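Single-structure report; data block below.
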Amino acid sequence: MFAKVASLFGVGTVDDVPEVSAPRGDFAERVLVLDRDPYLAVADAGLRLISVFDDLKYDRADMDVLSGPMRRRVRDKLALLGFVQASGHVFENRAEDVRMILPKFRALGASPFDAMNDTKRREQDYFVLTPTQTACQMIDAYSVDEAVERIKALIVKHPVNLLRLSDYLERNERHQAFQGAIGHLKYVQREAVAAEPLRSRRALR
């Protein structure tokens, strides 16, 4: 996964919007259709995180961004759920009053933990993230043990850049406690990548 900047879409802004109730339960069920696509996954329904498959192998210096092909995959699949692109990083379904929000492009050395820090999201909206950004959201939301279990479920479908994630762990108690799980996650991911269905999968181009 190299040189993704050239293929990025433009970015937009999310306007201030009023708080409304969460989407109807039937939409939360319908969005699970994304799991049928090997390149997309509802990685965490509670946190409303959609992961987009990135690659099988990483270098810690790889850029952690949604490339043009990854964004096009998101656009095409969300269209089937009634979403239209409202801006460079927002897809909207007005009938459901739900937005799918992609990260804005950040500085090349930005932490994957900060991908959505400056983005406003309503209770019913979803984040659409790289697997690494998704894992970071889980680390910050759950206890260490719970985060490890959820990331294990993620990496057998969408491998994570664990080297980059480790580099950006902060010096706080939660992140330092998680550091000890990196070795185990590397093993789980290595085994998953060596087996089908991941072994034959290629990054979107």
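Predicted model, so just to flag it, every value in this text is computed and none were measured.
- Taking the centre and axis of the six-membered ring of Phe127, the NZ or CZ atom of Arg121 falls inside the cone set by 45° and 6.0 Å.
- Counting non-hydrogen atoms of other residues, nucleotides and ligands closer than 6.0 Å to CZ of Arg174 gives a total above 12.
- The salt bridge (Lys or Arg N to Asp or Glu O under 4.0 Å) with Asp37 is formed by just one residue from the set Lys77, Arg201, Lys157; it is Lys77.
- Ring geometry for Tyr126 against Phe27 counts as perpendicular: the plane angle is over 60°, on a 0 to 90° scale with 30° as the lower cut.
- For the atom pair CD1 of Ile139 and CD1 of Ile151, the computed distance is 4.0 Å after rounding to the nearest 0.5 Å.
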### Task
Begin with the C-alpha distance, continue with both residues' side-chain angles, and end with the deciding distance and a verdict on side chain to side chain donor-acceptor pair (under 3.5 Å) for Thr130 and Asp54.
CA-CA 7 Å; Thr130 70; Asp54 193 350; 5.4 Å; no
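- In this view, Ser166 and Gln179 satisfy the side-chain hydrogen bond (donor to acceptor under 3.5 Å, both in side chains) rule, not counting sequence neighbours.
- Taking a cutoff of 4.0 Å between a charged side-chain nitrogen and a carboxylate oxygen, Arg30 and Asp26 qualify as a salt bridge.
- Separating the CZ atom in Arg73 from the CZ atom in Arg75 is a distance of 11.5 Å, to the nearest 0.5 Å.
- Going from atom CG of Leu129 over to atom SG of Cys136 covers 9.5 Å, rounded to the nearest 0.5 Å.
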### Steps toward side chain to side chain contact (heavy atoms under 4.5 Å, CB included) verdict (Arg99, Gln124)
CA-CA 8 Å; Arg99 290 177 175 178; Gln124 69 267 38; over 6 Å; no
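- If you look at His175 and Tyr168, their ring centroids are not closer than 6.0 Å.
- In the hydrophobic clustering of this structure, Leu32 groups with Tyr39; members are Ile, Leu, Val, Met, Phe, Trp, Tyr whose side-chain heavy atoms approach within less than 4.5 Å, directly or through other members.
- The existence of a salt bridge linking Arg122 and Asp125 is confirmed by a sub-4.0 Å separation between a basic side-chain nitrogen and an acidic carboxylate oxygen.
- With hydrogens and angles disregarded, a donor-acceptor distance shorter than 3.5 Å links the side chain of Thr132 to the backbone of Asn161.
- A ring pair (Phe, Tyr, Trp, His ring centres under 6.0 Å) check over residues 132-164, counting only residues at least two apart or in different chains, returns the pairs Phe53-His158.
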